[in-house]
There are 2 protein chains.
Amino acid sequence: MTNKLPRRERQLIERENLILETARGLIRENGFLSLKMSQLAEAVEYSVGTLYTHFETKEDLLVSLAVQSISQRANLFEKAQEAKRKSRDRIYGILIARLMLAETGPEIFDIERLAASPSVWKRATQERYQKMVAMEQRCSEIVLSIIVDAISEGDLALGSVRETDIVFGLWSLTIGFHRLMLSFDDLSRVGVLDINEAVKINYCILLDSYGWQPLKDWDHNTVEKDFRENVLFFKITVDTS
Amino acid sequence: MTNKLPRRERQLIERENLILETARGLIRENGFLSLKMSQLAEAVEYSVGTLYTHFETKEDLLVSLAVQSISQRANLFEKAQEAKRKSRDRIYGILIARLMLAETGPEIFDIERLAASPSVWKRATQERYQKMVAMEQRCSEIVLSIIVDAISEGDLALGSVRETDIVFGLWSLTIGFHRLMLSFDDLSRVGVLDINEAVKINYCILLDSYGWQPLKDWDHNTVEKDFRENVLFFKITVDTS
DNA sequence: CTCATTTTTTGAGCAGTTGTCAAAAACCCC
DNA sequence: GGGGTTTTTGACAACTGCTCAAAAAATGAG
C-alpha cells in the first residue's frame, strides 16, 4: 500500500488527474467536440504545451478519459462478481453497476461513444488504446465468468445458446440504454416513458428466457437495493492537499 | 409519377445527391472526422462555396446523410410490415432489413453514431434535424404497429411487459450490433465469433420470451431467405443522364 | 445579337483550432 | 551564486470550416 514513487512522478500523476477531471467537467457541460485545449489549459492553470506533455493529441486525452471510465466500470463489475450472492443476483448486479455509473454524469456516454471509433484510436497513444481494449475485455470476462459460475452452480443450463451469446445479449441491451440516454428527448417520442424501467424489464426477460434460476420468488427491486447499499461502492479518490 | 419541378430545382437536387453520395464514399474510406470540405469540393468538382449553398455546416451535411440512411431504413421497414406474412415473420423481417442495410457499407454506422448527438444537432438546419427525428420515429412506429397487429392477430399476449418495452428491447439489441460492427476487432477478443449469428439468436430469444407465436416449427433461416428474396428491395436511384 | 440585370459560382482570405519548439523559467547540485 | 539540466511556456506554424466580394453565367427585353 505504501507507494514508493519519486515525488516528481507523483506530482505528474496528480496533475494528469487534475487535467482529466477538469476535462470531464467541461465535457459534461458542452460535450467533447466543443472542448478546446486552450480552454482546458486555462482551467487547469497550465499552458497548452504542458497539456501536450501528458497527451499526444486531443484524441489521446479522450481515450484516457475512456480508460478511466471503463476501469471504474471494471471495478464495480468485480465487486458484483465477488459478492456472496446467488448467480442471478450477481449478473443483475452488473446492470445495477452500469445504472450507477450512468448516474455519476452524462458525459461518460459522450466519452465512451466517441472513443469507440477507429479514427480516434489512430490518433491516440498505442499504450493507452491497448489499455482501453484490455479494460473493456476485462469487463466482458467478468460477465462471462459469472455465466460460467452460474452453470457450474446449476442455476443456468445452456441450450442452443452459447455463453458468449449471452454476454452479447446483455451487453447490447445496455448499449441501447446508453444511446437513448444520449439523445434524451427521443424518449417520449419513441414511446419509452421510463428508460431505466425499460432496460431493467428487458434485462430480466432475457435472464428468464436463458432460463437463469431462480425464475420465481426473485424480486429485482430487492436485489437492486441490496447491491446499491452493500456491494457496489466507488473508490473515492482522496485529495491530500 | 411525372415530376413537374422546374429544371433548375431538379438540377439542384441532383447535385445535392451527387454531393451526398460522394461524401458517403469518402466517409466509408476514412470516417467522417477526416472528411474535409475542400476535399469533398474537389471530388464533386464544385467549389467549397457551392457546398455551403446546400449545407449550412459540415454537421448539416452529416445530418443529411443520416436522414438518407434512416429513410432507407424506414422504407425497408415498411416493406417488412406490409408483407403478407405471419406477425412473427414480419418482426423478424425488421432485423433482416437492418442486416441488409449494414451490408451496404460500414459508413452508415459512423454516420448514424455521430449524428445521434446534441452537439451535432445544434449546428444542423432545424428542418433537417426535424426530418431525421421524424424518420427515426417512423421506424419505431412501424415496429410498434407490428407488435399491436401481432396482439390483435392473437400471436402475442402481453404480460407485465408493455408494447414500448418490446420496441426498446429489440432496438437495443441492434444498437449493440451496430456498436460491435464499428469496433470490429473487439469481436474475437470479447469472444463473440459470429456477430450476425449472435444478434439473430438473441433476437429470437427475446421474441420467444415475449411469447411471440409461433414458438415451434418456426425457422428463422427460412424466413430470412424469404424476406431477402421476396420482400425487401432497395429503391434503386436511376441516373437519367 | 446586345447589353443591363439578376442569379449562381467561385476561391482567396478570415477566424479559430490543434499541435510545436525555441526560449524562458525553474530546479538542482556544487 | 553559478553552471548545467529539466520543465514550462506561449508565440507561432499548419490546417480547417466557413464567408463574402467579386467574377462568371444565365436571363430576357429591345
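In what follows, chains carry the letters A, B, and so on, assigned in the order in which the sequence lines appear, proteins first and then strands, with residues in each chain numbered from 1. Quick caveat, the model's predicted, so the values are computed rather than measured.
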Sort me out a list of protein N/O and nucleotides 14-17 of chain D N/O pairs below 3.5 Å, or just none if empty.
| from | atom 1 | to | atom 2 | distance (Å) |
| --- | --- | --- | --- | --- |
| D:dG17 | OP1 | B:Leu35 | O | 3.4 |
| D:dG17 | OP1 | B:Lys58 | NZ | 3.4 |
| D:dG17 | OP2 | B:Met37 | N | 3.2 |

For residues 36-43 of chain B, run the donor-acceptor check on the side chains, cut-off 3.5 Å, and write out each pair with its distance to 0.1 Å, sequence neighbours left out.
| from | atom 1 | to | atom 2 | distance (Å) |
| --- | --- | --- | --- | --- |
| B:Lys36 | NZ | B:Leu33 | O | 3.3 |
| B:Gln39 | OE1 | B:Lys36 | N | 3.1 |

Whole-Å gap separating C1' (D:dT8) and CD1 (A:Ile19): 12 Å
Find the distance B:Gln39:CD to D:dC18:P and express it as a whole number of Å. 15 Å
N/O to N/O distances under 3.5 Å, protein versus nucleotides 22-28 of chain D:
| from | atom 1 | to | atom 2 | distance (Å) |
| --- | --- | --- | --- | --- |
| D:dT27 | OP1 | B:Arg7 | NH2 | 3.3 |

Within the structure provided, determine whether A:Met181 and A:Pro106 are in side-chain contact (heavy-atom separation under 4.5 Å). no
Can B:Lys58 be said to sit on top of B:Phe32's aromatic six-ring, NZ or CZ under 6.0 Å from centre and within 45° of the ring axis? yes
A:Thr57 and A:Arg123: side chain donor to acceptor below 3.5 Å: no
In whole angstrom, what separates B:Glu9's CD from C:dT8's C1'? 15 Å
Interatomic distance, A:Leu51 CG vs D:dT7 C1' [rounded to whole Å]: 14 Å
Those residues that, when tested against B:Tyr52, pass ring-ring contact (aromatic ring centres under 6.0 Å, His included) (two or more places apart): none
Could you list all N or O pairs between the protein and nucleotides 9-11 of chain D that sit under 3.5 Å apart?
| from | atom 1 | to | atom 2 | distance (Å) |
| --- | --- | --- | --- | --- |
| D:dT9 | OP2 | A:Ser47 | N | 3.1 |
| D:dT9 | OP2 | A:Ser47 | OG | 3.2 |
| D:dT9 | OP2 | A:Thr50 | OG1 | 2.7 |

Output, in order, the C-alpha distance, side-chain angles, deciding distance and verdict of side-chain hydrogen bond (donor to acceptor under 3.5 Å, both in side chains) for A:Thr50 and A:Ser47. CA-CA 5 Å; A:Thr50 304; A:Ser47 69; 3.2 Å; yes
Rounded to the nearest angstrom, tell me the gap between atom CG in B:Leu12 and atom P in C:dT7. 14 Å
Do A:Leu61 and A:Leu35 have side chains that get closer than 4.5 Å, going by heavy atoms? yes
Has A:Arg138 got its NZ or CZ under 6.0 Å from the middle of the six-membered ring of A:Phe77, at an angle within 45 degrees of the ring axis? no
Measure CZ/B:Arg8 against P/C:dT6 and give the value in whole Å, please. 17 Å
Do A:Arg113 and A:His178 have side-chain atoms, one donor and one acceptor, less than 3.5 Å apart? no
Between atom NE2 in B:His54 and atom C1' in C:dT9, what is the gap in whole Å? 11 Å
State which residue, out of A:Glu107, A:Arg24, A:Glu112, fulfils the side chain to side chain donor-acceptor pair (under 3.5 Å) condition with A:Ser69. A:Arg24
Got a sec, which residues hit side-chain contact (heavy atoms from CB on, under 4.5 Å) with B:Gln126, two or more places apart in sequence or on another chain? B:Tyr129, B:Gln130
